[in-house]
Amino acid sequence: MTLVRSGAHLAKRVRQTPQLFRNFPEVFWDLGTHRTRLRRQEMTFRMRNGYVVTCPNVNGARFPLYEIFADDAYHLQELTSGVDADAAVLDVGGQIGSFSLALAEVLPKSRIHVYEASPVSASYITRNVEDNGLGSTITVHGEAMAGEPGEFTFVDSGTASGHNGLTAPGWMKEQGATEVTVPAQSFDRAVADIEAEGRSVQIVKMDVEGAEYDIVLRSAPASWAQVRKVVMEYHPVEGHTLDELLAFFAGVGLEPGRHDPGLRPGLGVIWLSRS
């Protein structure tokens, strides 16, 4: 069954590549040579929507680009419905910036604040924002988000992997990932800073590989008062369950809608909205 699923997934990506990228022959070359001595360290994707996106030539860095732009993993039209055109957005766990770039296309008048703990990943977000002329729409914060301001320690591959975090799989360390400590900001402070600019945070996207429980459960309910939509990936963290997050969100008026459970217990994506 796993081989069948892997084959079907590969076939899907092969179909999607020419549909997504103008430079699809170059993309196929990089994908085909990434485990050979011909491998280039970086990949550049020239997208048919006009974006140019660069990332390390490793699977952990590039797969979110397919998930967000080809699979519409976050259901962006649904996520942005009922939200003001000039809303502020918090993208917590930005990886190489795929979600923020996609959202800027859907809500071009919005103001997106993206937080990314990994220094390497944050550098690629900055590069991709600048290369696409989106500096006035997307602000990059090269720091973690945590339950309180200070420092945050997590596993970092150094290759902009979407798996960086508290729940990083064991094989990452076998391939050279290390624990790093970086500055951290709290959700409450991030919201307060945005409100000081005269905007309200109406969308929160969070994919932080296990840090979601600390960030959400230690935040003040008042910080969620203007939030209308949430999409969050949750992860298996010892001592925590999804029910805790759902109870917190119910207390601030956000109710679950769509739910995509993952292949492992405690893993999945939830969407919440304010009635």
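- No side-chain donor-acceptor contact under 3.5 Å links T33 to the backbone of T36.
- Contact of the V182 side chain with the P119 side chain is registered, since non-hydrogen atoms from C-beta on lie closer than 4.5 Å.
- No donor-acceptor pair closer than 3.5 Å links the side chain of E151 to the backbone N or O of T181.
- Scanning both residues, V140 and A122, for their nearest heavy atoms gives CG1-O, 4.1 Å.
- T44 and V27 get closest at one heavy-atom pair: O-CG2, 4.4 Å.
- Following chains of ILVMFWY side-chain contacts shorter than 4.5 Å, one can reach V269 starting from L76, so the two form part of one hydrophobic cluster.
- No side-chain donor-acceptor contact under 3.5 Å links R228 and Q226.
- Note: the hydrophobic cluster containing L246 also contains M232 (ILVMFWY, side chain heavy atoms under 4.5 Å, direct or indirect links).
- Here CG of D91 is found 10.0 Å from CE of M145. Values are rounded to the nearest 0.5 Å.
- A side-chain donor from one of T17 and Y66 sits under 3.5 Å from a side-chain acceptor of the other.
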Exercise. After noting the C-alpha distance and the side-chain angles of V237 and L166, does the key distance pass the side-chain contact (heavy atoms from CB on, under 4.5 Å) rule?
Worked result: CA-CA 9 Å; V237 176; L166 298 177; over 6 Å; no

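- The distance from atom CG of L217 to atom CG of D214, rounded to the nearest 0.5 Å, is 8.0 Å.
- Of the possible donor and acceptor atoms, one in the side chain of R48 sits under 3.5 Å from a partner among the backbone N and O of P18.
- Looking at E197 and H113, their side chains come closer than 4.5 Å, going by heavy atoms from C-beta outward.
- Side chain of R274 to backbone of V252: a donor-acceptor contact under 3.5 angstrom is found.
- Side chain of W224 to backbone of G253: no donor-acceptor contact under 3.5 angstrom is found.
- Atom-to-atom distance recorded for H141:NE2 and T126:OG1 is 10.5 Å, nearest 0.5 angstrom.
- The two atoms that bring T54 and Y124 nearest to each other are O-CD2, 3.4 Å, heavy atoms only.
- No donor-acceptor distance shorter than 3.5 angstrom exists from the side chain of D193 to the backbone of A190, with no hydrogens or angles considered.
- Using a 3.5 Å distance cut-off with no hydrogens or angles, the side chains of D72 and Q77 do not pair a donor with an acceptor.
- One hydrophobic cluster holds both Y213 and M206 under the rule that ILVMFWY side chains link at heavy-atom gaps under 4.5 Å.
- For D156 against S118, the heavy-atom pair with the smallest separation is OD2-OG, 3.0 Å.
- Between atom CZ of residue F152 and atom CD of residue Q185 there is a gap of 14.0 Å, rounded to the nearest 0.5 Å.
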For this session: Apply side-chain contact (heavy atoms from CB on, under 4.5 Å) to F21 and M43, showing your working.
Result: CA-CA 12 Å; F21 310 118; M43 292 184 70; over 6 Å; no

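- No side-chain donor-acceptor contact under 3.5 Å links D71 to the backbone of A73.
- No donor-acceptor contact under 3.5 angstrom links the side chains of S100 and K205, judged on distance only.
- Rounded to the nearest 0.5 Å, atoms NZ (K229) and OG (S81) are 3.0 Å apart.
- Rounding to the nearest 0.5 Å gives a distance of 8.5 Å between CD1 of I203 and CD1 of I112.
- Side-chain contact between D207 and H235 is present, with heavy atoms from C-beta onward closer than 4.5 Å.
- Inter-residue side-chain proximity for F69 and V53 is flagged as unmet; no heavy-atom pair is nearer than 4.5 Å.
- A salt bridge does not link D86 with K109: none of the charged nitrogens is closer than 4.0 Å to a carboxylate oxygen.
- By the criterion of side-chain heavy atoms lying less than 4.5 angstrom apart, applied directly or through intervening Ile, Leu, Val, Met, Phe, Trp or Tyr residues, I138 is grouped together with Y74 in one hydrophobic cluster.
- Counting heavy atoms from C-beta on, the side chains of F99 and L79 come closer than 4.5 Å.
- Clustering ILVMFWY residues whenever any of their side-chain heavy atoms sit less than 4.5 angstrom apart, transitively, puts V120 in the very cluster that holds V129.
- More than 12 heavy atoms of other residues, nucleotides or ligands shown are found within 6.0 angstrom of CZ on R22.
- Contact of the Q41 side chain with the R39 side chain is registered, since non-hydrogen atoms from C-beta on lie closer than 4.5 Å.
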Exercise. Can W29 and R40 be said to form a side-chain contact (heavy atoms from CB on, under 4.5 Å), step by step?
Worked result: CA-CA 10 Å; W29 170 266; R40 289 186 284 204; 3.5 Å; yes

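- The shortest non-hydrogen separation linking E233 to E212 is O-CD, 3.8 Å.
- Here the closest heavy-atom approach between residue H163 and residue P169 is recorded as CB-CD, 3.9 Å.
- A donor atom on one side chain and an acceptor atom on the other are not found under 3.5 Å apart for Y234 and E244.
- Formation of a donor-acceptor pair under 3.5 Å by the Q95 side chain with backbone atoms of A61 is found in this model.
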For this session: Step by step, work out the side-chain contact (heavy atoms from CB on, under 4.5 Å) result for V216 and F187.
Result: CA-CA 8 Å; V216 173; F187 183 84; over 6 Å; no

Exercise. Would T159 and S157 count as a side-chain hydrogen bond (donor to acceptor under 3.5 Å, both in side chains) if you check the C-alpha gap in whole Å, the side-chain angles of each, and the deciding distance to 0.1 Å?
Worked result: CA-CA 5 Å; T159 59; S157 68; 2.8 Å; yes

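- No donor-acceptor pair closer than 3.5 Å links the side chain of N57 to the backbone N or O of H34.
- In this structure, D30 and F45 have side chains that are not in contact, with every pair of non-hydrogen atoms separated by 4.5 Å or more.
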